[in-house]
Amino acid sequence: MGSVEAANKDANGSLTEKNPTVVFVLGGPGSGKGTQCANIVDNFQYTHLSAGDLLRAEIKSGSENGTMIQNMIKEGKIVPSEVTIKLLQKAMKESGNDKFLIDGFPRNEENRAAFEKVTGIEPAFVLFFDCPEEEMERRLLSRNQGREDDNIETIRKRFKVFLESSLPVINYYDAKGKVRKINAARSVEEVFETVKGIFGPKNEKAE
Ligand SMILES: Nc1ncnc2c1ncn2[C@@H]1O[C@H](COP(=O)(O)OP(=O)(O)OP(=O)(O)O)[C@@H](O)[C@H]1O
Ligand SMILES: Nc1ccn([C@@H]2O[C@H](COP(=O)(O)O)[C@@H](O)[C@H]2O)c(=O)n1
């Protein structure tokens, strides 16, 4: 048996010897996080969990939190950690995997500290997709997925929240040497070449 110090908590917050590997995937709205996560899942043994997708699914499910979440998303605000972390824990448990790309989380200091406290999990590293606002704005306005927050008014609010609340989280992990910063203002293929180099051959899926 390993030491308790070496142990993590499982998705329900109980101590376990199992060590899930978590990679946080961060970057501004429209920087290409979801697109690159899909490529990573195709090539490596990771499960992709998008906090935004989980919150949108929660609205659709008719949950009692649905209206609150919908209003927060429309305003580009960050939903309280308690809600998002519960959704992430459930999805982690249901996946049966132990390697996760957690996309769009932690979005602020409250998200970061609460996740660490509740799960005991520290990320292996943090992918940071760095992209100029003008490019992110162009991408979001032509995404055409019917998202209620892909309008110029909400996009501006999301950019502000990214700068004020999410960048400090990236800086926190950068000070710990955990950030892998990627120039996201290139083609999807070029960005993925860099991403592949970060994951390396170890977790690559067999052909
Ligand atoms: N490197 C790229 N070059 C051009 N367009 C891209 C690139 N990466 C993604 N896109 C497109 O930009 C849009 C936003 O990409 P994506 O949804 O992956 O971003 P995101 O960071 O996950 O956004 P959000 O945080 O808003 O969910 C999509 O329409 C996607 O097809
Ligand atoms: N940790 C998070 C992640 C997302 N949200 C809310 O969802 C919106 C959309 O997120 P995407 O990652 O899909 O762009 C985001 O603007 C927030 O309103 C959240 O609250 N907490």
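In listed order, ligands and their atoms are each counted from 1. Predicted model, so just to flag it, every value in this text is computed and none were measured. When a residue number appears, it is its place in the shown sequence, counting from 1.
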Any atom of ligand 1 sitting under 4.0 Å from a heavy atom of [X]?
{"X": "Ala38", "answer": "no"}
{"X": "Ser31", "answer": "yes"}
{"X": "Gln145", "answer": "no"}

Query raised in the report: Which bit of Ser187 gets closer than 4.0 Å to ligand 1, counting heavy atoms only: side chain, backbone, both or neither?
Result: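 The answer is the backbone.
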Query raised in the report: Between Leu140 and ligand 1, which part of the residue brings a heavy atom under 4.0 Å of the ligand: side chain, backbone, both or neither?
Result: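 Side chain only; the backbone of Leu140 stays clear of ligand 1.
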In terms of atom number and element, which parts of ligand 2 are under 4.0 angstrom from non-hydrogen atoms of [X]?
{"X": "Arg56", "answer": "9 (C), 13 (O)"}
{"X": "Gly52", "answer": "10 (O), 13 (O)"}
{"X": "Gly104", "answer": "1 (N), 2 (C), 3 (C)"}
{"X": "Ile78", "answer": "20 (O), 21 (N)"}

Query raised in the report: Under a heavy-atom criterion of less than 4.0 Å, does Glu75 contact ligand 2?
Result: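 In this structure, Glu75 fails to qualify as a contact of ligand 2 - no heavy atom is under 4.0 Å.
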Query raised in the report: Is there a heavy atom of Lys33 sitting under 4.0 angstrom from any atom of ligand 2?
Result: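 Flag not set, Lys33 not near ligand 2.
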Under 4.0 Å, heavy atoms only, figure out whether ligand 2 is touched by the backbone of [X], its side chain, both or neither.
{"X": "Glu148", "value": "neither"}
{"X": "Val161", "value": "neither"}
{"X": "Asp149", "value": "side chain"}
{"X": "Lys77", "value": "backbone"}
{"X": "Asn111", "value": "side chain"}

Non-hydrogen atoms of [X] and [Y] that approach each other most closely:
{"X": "Arg56", "Y": "Ser50", "value": "NH2-OG, 4.4 Å"}
{"X": "Glu122", "Y": "Lys178", "value": "OE1-NZ, 2.9 Å"}
{"X": "Leu140", "Y": "Pro29", "value": "CD1-O, 3.5 Å"}

Which residue and heavy atom of the protein sit nearest [atom], plus the separation:
{"atom": "atom 7 (O) of ligand 2", "result": "Ile73 CG1, 3.6 Å"}
{"atom": "atom 5 (N) of ligand 2", "result": "Leu55 CD1, 3.4 Å"}
{"atom": "atom 25 (O) of ligand 1", "result": "Lys33 NZ, 2.7 Å"}
{"atom": "atom 14 (O) of ligand 2", "result": "Arg147 NH2, 3.0 Å"}
{"atom": "atom 1 (N) of ligand 1", "result": "Arg186 O, 2.8 Å"}
{"atom": "atom 20 (O) of ligand 2", "result": "Val79 N, 2.6 Å"}
{"atom": "atom 19 (O) of ligand 1", "result": "Gly32 N, 3.3 Å"}
{"atom": "atom 9 (C) of ligand 1", "result": "Thr35 OG1, 3.3 Å"}
{"atom": "atom 10 (N) of ligand 1", "result": "Arg139 CD, 4.0 Å"}
{"atom": "atom 11 (P) of ligand 2", "result": "Arg107 NH2, 3.4 Å"}
{"atom": "atom 22 (O) of ligand 1", "result": "Gly34 N, 2.9 Å"}
{"atom": "atom 23 (O) of ligand 1", "result": "Gly30 N, 3.1 Å"}
{"atom": "atom 27 (O) of ligand 1", "result": "Arg147 NH1, 3.1 Å"}

Show which atoms of ligand 1 fall inside a sub-4.0 Å distance from at least one heavy-atom site of [X].
{"X": "Arg158", "result": "26 (O)"}
{"X": "Pro29", "result": "25 (O), 26 (O)"}
{"X": "Gly28", "result": "21 (O)"}

Report task. Measure up the Phe162 and Phe128 rings against each other and bin them: parallel (under 30°), tilted (30 to 60°), perpendicular (over 60°). Result ->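 Correct class here is tilted.
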Query raised in the report: So Tyr173 and Phe24, would you call those rings parallel, tilted or perpendicular, with 30° and 60° as cut-offs?
Result: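 Judged by the thresholds at 30° and 60°, the geometry between Tyr173 and Phe24 is tilted.
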Query - Same apolar cluster (I L V M F W Y, side chains within < 4.5 Å links), Ile102/Ile69 - result: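 They do share one cluster, since a chain of ILVMFWY contacts under 4.5 Å joins Ile102 to Ile69.
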Query raised in the report: Is the distance between the ring centroids of Phe192 and Phe199 under 6.0 Å?
Result: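 No, the ring of Phe192 stays outside the 6.0 Å limit from the ring of Phe199, centre to centre.
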Report task. Determine, for Asp150 against Arg158, whether the closest basic-nitrogen to carboxylate-oxygen distance falls under 4.0 angstrom. Result ->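 Result for this pair is yes, salt bridge flagged.
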Query raised in the report: Taking the minimum heavy-atom distance to atom 17 (O) of ligand 1, which of Met136, Arg143, Arg56 ranks first?
Result: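 Comparing heavy atoms across Met136, Arg143, Arg56, the nearest one to atom 17 (O) of ligand 1 lies in Arg143.
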Query raised in the report: Do Leu26 and Arg107 come close enough that some side-chain heavy atom pair is under 4.5 Å?
Result: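 Leu26 vs Arg107: side chains apart.
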